[in-house]
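One structure below.
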Amino acid sequence: MGTPISLGNVFGVHLRIDITVFLVAAMFVVNGLGSNGLSGVLDEVTFVILLFLSIYLHEMGHAAGARVFGISTLDVTLTFFGGYARLGRPTRGTVEEVVVSFAGPAANLAIGGGLYWWLGSDQSGVVSDHSWRILWRLADANLALGIFNLLPGYPLDGGHIARAVLTNFIKRNRARVIVGYIGAGIGLLLVALGLQSGGLGFTVFLGILLIISAAQEIQAAKSSRF
Ligand SMILES: [Zn+2]
């Protein structure tokens, strides 16, 4: 998909943006135009920037979790389907993998929870009704991001956690296959849900990506001799 655009160092971690992010932004803008004209577009642009900021904070959560174990983060990249952090070395053992994997969704759950709490207390006079609605939508999105990423299927963070825990009871490759199948199942579910709610949207895309990624993991685990 080409080389991501570098935005330099932010909080000591190299930040990159894949140009496919602008595809997502464009989807939101078209959506806004369709529903509310120019003010709808402004709302969607504001929301999509805040959404990618939340995804960025998710990845920085992983980076912070990794730092606890002295693992550096090479870079954080935002893409069409979210983002990823590249670590200086793979995590070792259950505790490292669970903490680093959980730290990403935990950031979203903290943002969502914090926003619900703040918006739920009386903010009249501080936030306009209009901004309130955008921020509430952002809280919903963060809650969804946190929960979705914790589902126990590869390649989601929850899949990494499940794999790390299962590895204590069964052979690692067996755990990889199981978590892979769960990931493929989640992908299939997304495709079905996406198709049901009106065609080839983002959900269908995401589902297909999950299935491909999970299938590769299953294949790799099955062909591995370790
Ligand atoms: Zn993550």
Side-chain angles (χ1 to χ4, degrees), residues 1 4 7 10-18 20-21 24 48-115 138-167 175-176 179-180 182-187 189-190 202-203 205-214 216-217 220:
M1 289 196 191
L7 293 187
V10 187
F11 300 117
V13 176
H14 189 192
L15 173 62
R16 307 186 307 169
I17 292 193
D18 196 278
T20 52
V21 163
V24 182
V48 84
I49 289 171
L50 291 172
L51 183 65
F52 272 103
L53 184 67
S54 304
I55 293 170
Y56 168 70
L57 291 172
H58 172 113
E59 299 308 331
M60 289 303 278
H62 287 309
R67 190 169 290 180
V68 171
F69 304 103
I71 308 171
S72 62
T73 300
L74 302 178
D75 45 46
V76 161
T77 308
L78 300 179
T79 71
F80 177 70
F81 52 90
Y84 59 89
R86 290 196 306 164
L87 303 183
R89 69 158 170 83
T91 50
R92 292 189 201 113
T94 309
V95 174
E96 276 193 19
E97 192 160 7
V98 169
V99 170
V100 174
S101 300
F102 184 71
N108 294 123
L109 295 177
I111 296 167
L115 275 174
L138 184 69
D140 286 344
N142 271 281
L143 182 69
L145 273 174
I147 293 174
F148 176 71
N149 278 291
L150 283 174
L151 294 178
Y154 188 90
L156 302 171
D157 293 319
H160 289 260
I161 294 171
R163 188 181 62 189
V165 173
L166 278 176
T167 301
R176 289 173 72 189
V179 172
I182 298 172
I186 295 167
L189 207 65
L190 284 181
F202 181 75
T203 316
F205 253 115
L206 187 66
I208 292 171
L209 276 168
L210 275 187
I211 295 168
I212 293 172
S213 192
Q216 284 170 345
E217 173 72 357

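The analysis underlying the following values was restricted to heavy atoms, covering all of them including side chains, and did not include hydrogens, waters or symmetry mates. Counting from 1, the numbers follow the sequence of the chain as shown. Computed from a predicted model, the values in this text were never measured in an experiment. Numbering of ligands and ligand atoms starts at 1, following listing order.
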* Does the side-chain contact (heavy atoms from CB on, under 4.5 Å) test come out yes or no for Leu145 and His58, once each step is laid out? -> CA-CA 9 Å; Leu145 273 174; His58 172 113; 5.6 Å; no
* Asked: Is the number of heavy atoms from other residues, nucleotides or ligands within 6.0 Å of CZ (Arg67) greater than 12?
  -> no
* To do: Can you label the angle between the His160 ring and the Tyr154 ring as parallel, tilted or perpendicular, going by 30° and 60°?
  => tilted
* the Zn ion (ligand 1) - number of protein N/O/S atoms closer than 2.8 Å -> 4
* **Member of Val100, Thr91, Leu87 meeting the side-chain contact (heavy atoms from CB on, under 4.5 Å) criterion with Phe69** => Val100
* Asked: Val76 and side-chain contact (heavy atoms from CB on, under 4.5 Å): which partner among Leu57, Ile17, Val13, Ile55?
  -> Val13
* **side chain to side chain contact (heavy atoms under 4.5 Å, CB included) against Ala164, all qualifying residues, sequence neighbours excluded** => Thr94, Glu97, Val98
